[in-house]
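Hydrogens, waters and symmetry mates play no part in the numbers below; they use all other heavy atoms, side chains included. Every chain is numbered from 1 and lettered A, B, ... according to where its sequence line falls, protein lines coming before strand lines.
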Protein chains: 2
Amino acid sequence: MKRSTKQRSVISKVLATAGRPLNPQEVLEAGQHELPGLGIATVYRTLNLLADEHLIKVVDVPGQGSRYYEMANLAQHDHFFCQACHRVFDIAAPSQAQPPPVPEAFTVETTETVYSGRCPNCKAGTA
Amino acid sequence: MKRSTKQRSVISKVLATAGRPLNPQEVLEAGQHELPGLGIATVYRTLNLLADEHLIKVVDVPGQGSRYYEMANLAQHDHFFCQACHRVFDIAAPSQAQPPPVPEAFTVETTETVYSGRCPNCKAGTA
DNA sequence: AGCGGATTGATTCTGCATACTCATCACCAT
DNA sequence: ATGGTGATGAGTATGCAGAATCAATCCGCT
């Protein structure tokens with residue numbers, strides 16, 4: 001990433017203003033609102049570049065094929081996956097300063113808690 | 001599932017004695033120790049059948065393509081994913097009776113906490 | 001403004017997990 | 001023991017996320 005192009009700034013802005021993790025498709029659609037010609041290949045490439053530079057980070061959601069991306073400079077938090085609309089939301093993590101309940105023989109590098117169910121939108125819409 | 005066949009009992013036994021969640025490949029390999037001719041198609045079919053009958057349940061691990069299966073009659077617990085050997089281990093959950101810190105507007109159906117890092121085996125073996 | 005190289009976008013390709021197909025085989029009631 | 005039917009296994013097909021390709025285009029420096 002040596003040049004600053006319109007598509008890259010748009011993709012960065014989309015992620016910065018989304019307020020929740022987005023997958024490549026969502027990034028594409030949001031980006032196309034500002035830059036109609038934006039292509040999916042560029043989205044994948046740019047997300048990888050931004051992730052390589054640790055400007056964004058990857059959120060893997062169980063049971064979902066595609067990955068989600070969000071800004072890297074966010075406080076520790078959990079995620080909520082809506083089974084209806086397949087969107088991911090940030091959930092403020094409880095002040096759980098306690099170490100993970102994993103036997104010492106294991107080396108824990110990441111802890112990921114994902115709640116899943118229905119978001120307020122889908123809860124209302126679909127019984 | 002109307003008949004009880006050798007392959008089905010073997011697959012059930014493999015899951016029951018594994019002590020940790022297994023993916024279809026692991027089930028296949030473990031099952032072939034007891035039933036050399038076992039085929040991957042039968043593993044997938046049988047896992048789906050057992051899951052349909054709620055005898056086993058699916059464990060989705062973030063960042064992993066394939067799914068893991070474990071016995072359904074286990075106490076609530078978390079999972080640990082070894083990034084080196086790609087095996088999943090059960091981790092006794094802390095006695096966190098507290099409700100999830102999710103806004104009330106969300107309906108939580110499942111809570112899944114996955115730790116990832118290195119299991120004792122891989123920790124020792126690979127620096 | 002001009003130039004060279006990086007970037008883009010449409011398309012194609014790949015890799016993987018899992019479902020399907022179908023001929024053969026095994027379970028189980030008789 | 002036998003027969004009918006559900007189950008099996010090898011191979012193939014499918015669906016999808018993401019990577020590779022490549023000609024056309026854009027960025028940034030001079």
Take the protein atom CD of B:Gln64 and the nucleotide atom P of C:dC16, then report the distance between them rounded to whole Å.
12 Å
Between the side chains of B:Gln7 and B:Thr42, is a donor N or O closer than 3.5 angstrom to an acceptor N or O?
no
Quick check for you: to the nearest 0.5 Å, what is the distance between [X] atom [atom1] and [Y] atom [atom2]?
{"X": "A:Leu22", "Y": "A:Ile11", "atom1": "CG", "atom2": "CD1", "answer": "11.0 Å"}
{"X": "A:Lys57", "Y": "A:Thr110", "atom1": "NZ", "atom2": "OG1", "answer": "9.5 Å"}
{"X": "A:Phe81", "Y": "B:Asp60", "atom1": "CZ", "atom2": "CG", "answer": "9.5 Å"}
{"X": "B:Phe106", "Y": "A:Ile91", "atom1": "CZ", "atom2": "CD1", "answer": "4.5 Å"}

Scan residues 84-93 of chain A for pairs that pass salt bridge (Lys or Arg N to Asp or Glu O under 4.0 Å), counting only residues two or more places apart or in two chains.
none
Stepwise side-chain hydrogen bond (donor to acceptor under 3.5 Å, both in side chains) check, B:Glu70 with B:His77
CA-CA 12 Å; B:Glu70 69 180 345; B:His77 59 270; 3.1 Å; yes
Flag, side chain of A:Ser9 to backbone of A:Lys6, donor-acceptor distance under 3.5 Å:
yes
From the list [options], which nucleotide is the closest neighbour of the side chain of [X]?
{"X": "A:Ser66", "options": "D:dG11, D:dA17, D:dA7", "result": "D:dA17"}
{"X": "B:Arg67", "options": "C:dT18, D:dG28, C:dG9", "result": "C:dT18"}
{"X": "B:Thr5", "options": "D:dG9, C:dC27, D:dG18", "result": "C:dC27"}
{"X": "B:Tyr44", "options": "D:dA7, C:dA17, C:dT11", "result": "C:dA17"}
{"X": "B:Thr46", "options": "D:dT8, D:dA17, C:dT8", "result": "D:dT8"}

Contact class for A:Ile40 vs. all strands (heavy atom < 4.0 Å): base, sugar-phosphate, or nothing?
nothing
Just call it for A:Arg45: base, sugar-phosphate, or nothing, with non-hydrogen atoms closer than 4.0 Å on any strand.
base
Overall bend of the helix from C:dA1-D:dT30 to C:dT30-D:dA1 (five pairs an end, 10° steps) is 40°
Closest to the 5' end of DNA chain C, once B:Ser4 and B:Asn48 are matched to their nearest nucleotides, is B:Asn48
For B:Lys6 and for A:Val43, locate the closest nucleotide of DNA chain C by heavy-atom distance; then report the residue assigned to the nucleotide nearer the 5' terminus.
A:Val43
Identify all pairs in which a protein N or O lies below 3.5 Å from an N or O of nucleotides 1-4 of chain C, and state each distance.
from, atom 1, to, atom 2, distance (Å)
C:dG4, N2, A:Arg3, NH2, 3.3

Quick one: is D:dA17 close enough that its OP1 or OP2 comes under 4.0 Å of any side-chain N or O from A:Gln25?
no
